[in-house]
Amino acid sequence: MCGSCRSGSFSMLTKGMKGWCGMTAFDLMNSVYQRLCQTSAALRQMLTAEGFRHTHGFYNNHSVKRGGVFVTEHYPIPVISVDGIGDIGIDIENIWFEAALPREKALQFDYRQVAGMQFELYGAVHFLDDLCDGNAPADQIVECIKESGEEKFCMLFTFGESVDLSALTALVRLFDQ
């Protein structure tokens with residue numbers, strides 16, 4: 001909410017009601033989604049130029065952590081699914097990349113390649129339970145995978161909304177091996 005607004009309430013149910021900074025619900029949602037759609041289009045163009053096959057759509061009901069607690073996003077966001085690699089979500093506050101790895105590939109992955117990058121590692125079935133902190137040493141990450149009964153693993157990288165999209169496509173390329 002900007003400083004010029006007097007009310008912190010915003011009702012999507014009241015047709016024509018002015019919300020934050022005098023914007024209607026339509027104007028507010030349209031401005032938010034315009035940025036998301038532009039980012040998605042730019043990223044899809046880069047992925048296509050680099051030879052990645054992908055599909056895209058708008059999906060809701062993502063489980064995200066806010067303040068260390070999982071909450072459900074009820075609103076749809078653009079998601080780009082890169083064939084055989086993972087998904088990229090363009091969210092309101094960030095962009096995320098979720099790589100999906102079968103057990104054997106997860107055990108063989110060189111985690112030193114992503115050292116210094118913040119990520120979460122979890123199983124595809126029990127996805128609300130983090131298996132290992134992404135800041136752990138590579139050998140400890142591998143041990144977490146070995147001890148898990150999961151057959152497929154996900155690595156979730158979260159970036160601020162101002163991430164360099166070429167750096168993001170480089171990360172996707174890393175998982176295309």
Side-chain angles (χ1 to χ4, degrees), residues 33 36-37 39-48 50-161 163-177:
Y33 274 90
L36 300 180
C37 290
T39 302
S40 177
L43 192 49
R44 291 191 324 267
Q45 184 177 19
M46 292 176 78
L47 290 166
T48 298
E50 293 196 25
F52 289 107
R53 293 183 55 195
H54 57 84
T55 57
H56 72 280
F58 283 78
Y59 303 98
N60 65 336
N61 291 327
H62 294 97
S63 294
V64 298
K65 279 186 182 176
R66 299 216 25 117
V69 177
F70 280 104
V71 296
T72 300
E73 292 179 329
H74 295 284
Y75 54 88
I77 61 169
V79 176
I80 303 167
S81 295
V82 184
D83 289 357
I85 299 173
D87 295 332
I88 302 169
I90 297 93
D91 209 337
I92 291 173
E93 296 176 336
N94 57 54
I95 296 176
W96 49 261
F97 170 60
E98 180 182 54
L101 303 169
R103 182 179 192 81
E104 201 55 41
K105 194 170 183 178
L107 287 167
Q108 295 172 356
F109 185 79
D110 183 2
Y111 293 93
R112 293 173 298 188
Q113 296 178 87
V114 293
M117 298 181 78
Q118 189 67 25
F119 68 91
E120 298 172 42
L121 175 70
Y122 49 91
V125 173
H126 298 99
F127 58 89
L128 295 181
D129 299 328
D130 290 344
L131 292 177
C132 199
D133 181 358
N135 292 323
D139 58 338
Q140 185 178 343
I141 294 172
V142 171
E143 283 304 313
C144 290
I145 294 168
K146 285 179 180 177
E147 292 173 9
S148 169
E150 296 274 355
E151 291 300 317
K152 189 172 186 181
F153 298 87
C154 298
M155 292 175 67
L156 178 68
F157 298 84
T158 305
F159 305 93
E161 62 183 315
V163 65
D164 176 6
L165 296 183
S166 61
L168 185 54
T169 58
L171 182 59
V172 171
R173 193 176 318 107
L174 178 65
F175 286 88
D176 186 33
Q177 299 175 10

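What you see below is based on every heavy atom in this structure, not just the backbone, and it leaves out hydrogens, waters and symmetry mates.
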Let me confirm one number: the [atom1]-[atom2] distance from [X] to [Y], rounded to the nearest 0.5 Å.
X: Ile88; Y: Leu47; atom1: CD1; atom2: CG; result: 5.0 Å
X: His62; Y: Tyr75; atom1: NE2; atom2: OH; result: 9.5 Å
X: Asp91; Y: Thr158; atom1: CG; atom2: OG1; result: 9.5 Å
X: Lys152; Y: Glu104; atom1: NZ; atom2: CD; result: 15.0 Å

On a heavy-atom basis, which atom in [X] and which in [Y] lie closest, and how many Å separate them?
X: Phe52; Y: Arg173; answer: CZ-CA, 3.7 Å
X: Val82; Y: His54; answer: CA-CB, 4.1 Å
X: Arg103; Y: Phe153; answer: NH1-CZ, 3.5 Å
X: Ile77; Y: Ile90; answer: CB-O, 3.4 Å
X: Arg112; Y: Ala138; answer: CG-CB, 4.2 Å
X: Ser81; Y: Asp87; answer: OG-OD1, 2.8 Å

Do [X] and [Y] come close enough that some side-chain heavy atom pair is under 4.5 Å?
X: Val71; Y: Val64; value: yes
X: Ile145; Y: Leu121; value: yes
X: Leu101; Y: Leu107; value: no
X: Leu168; Y: Met46; value: no
X: His74; Y: Asn61; value: yes
X: Pro76; Y: Tyr59; value: no
X: Ile141; Y: Phe109; value: no
X: Lys105; Y: Phe175; value: no

Gln45, CD atom: more than 12 neighbouring heavy atoms under 6.0 Å: no
Exercise: do Arg44 and Thr48 side chains pair donor with acceptor under 3.5 Å: no
Distance-only polar pair, side chains of Tyr111 and Gln140, donor-acceptor under 3.5 Å: no
Exam field: side chain Arg66 to backbone Thr72, donor-acceptor pair closer than 3.5 Å: no
Step-by-step side chain to side chain contact (heavy atoms under 4.5 Å, CB included) determination, Val114 to Leu171: CA-CA 9 Å; Val114 293; Leu171 182 59; 4.2 Å; yes
Stepwise side chain to side chain contact (heavy atoms under 4.5 Å, CB included) test for Ser40 and Tyr33: CA-CA 10 Å; Ser40 177; Tyr33 274 90; over 6 Å; no
Test side chain to side chain contact (heavy atoms under 4.5 Å, CB included) applied to Glu120 and Trp96, step by step: CA-CA 11 Å; Glu120 298 172 42; Trp96 49 261; over 6 Å; no
Validation row, ring centre Phe119 to ring centre Phe97 under 6.0 Å: no
Verdict with supporting geometry, Val172 and Glu50, side chain to side chain contact (heavy atoms under 4.5 Å, CB included): CA-CA 10 Å; Val172 171; Glu50 293 196 25; over 6 Å; no
